[in-house]
Amino acid sequence: MTRFLFALRQGWLFRREIKQLALTSKITNVTQLELSYLIAKKIKVLALDFDGVLASHGQVQPDEEVVIWLNALRETSIKLALLSNKPNQARRQYFQTAFPELLFIAGFPKKPYPQGLLAIAQHFKVQPQEVFLADDRLLTGVLASCLAGTQVAYVCPARQNFKARWLEESFFEVVRCVERWIMIGR
Ligand SMILES: [Mg+2]
């Protein structure tokens with residue numbers, strides 16, 4: 001509840017920035033984030049949300065095309081971090097095995113609190129503006145980015161699988177719609 005109220009209050013304060021980010025985002029799939037795009041934005045670290053961005057809700061592993069994209073990115077100078085509000089053990093184990101160099105963030109206050117993003121910048125010894133977050137939620141990830149001073153892509157639409165988890169997916173789709181309605185009026 002505290003986090004919800006924090007999100008509403010800070011979301012209101014950052015409403016112009018969030019609206020601008022939401023309306024100008026052209027990222028419909030995280031795999032559209034290419035090395036040249038990140039370099040042009042002077043990005044050194046790519047922080048990734050999991051649910052809705054790398055896979056549909058509640059999965060342990062990213063979707064296949066995302067794994068291919070991640071494997072291409074790990075060959076570059078871009079550092080990778082995972083910043084999910086559900087950093088569970090199964091996911092940690094997957095990334096430890098498949099992407100051991102990726103920084104798996106856990107133990108910090110959940111987004112929209114900015115501590116996780118700031119910890120990523122600190123870990124890699126870069127400025128917050130050199131960190132780029134890809135997230136499908138306006139009042140968690142995008143707001144956390146505004147608060148931390150990082151760059152962000154609002155990934156929309158989110159990856160979803162209603163067949164696998166219709167209840168969870170429906171719930172989060174409603175949440176996303178309410179967020180969009182609050183922040184950008186549609
Ligand atoms: Mg998400």
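One-based numbering, in listed order, for ligands and for the atoms of each. Side chains are part of it too, since the values below use all heavy atoms of this structure and drop only hydrogens, waters and symmetry mates.
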- prompt: What distance do Ile27 atom CD1 and Cys156 atom SG have between them, rounded to the nearest 0.5 Å?
  reply: 11.5 Å

Name of the Asp51 atom (N/O/S only) found closest to the Mg ion (ligand 1): O

field: Asp136, N/O/S atom nearest the Mg ion (ligand 1)
entry: OD1

task: Looking at Asp49, pick out the N, O or S atom nearest to the Mg ion (ligand 1) and give its name.
output: OD2

task: First locate atom CG of Asn85, then atom NZ of Lys111, and finally report the distance between them rounded to the nearest 0.5 Å.
output: 5.0 Å

message: I'd like to check Leu102 versus Arg74 (side-chain heavy atoms, cut-off strictly below 4.5 Å). Are they in contact?
response: no

task: Look up atom CG in Leu33 and atom CG in Leu35, then write down how far apart they are to the nearest 0.5 Å.
output: 11.0 Å

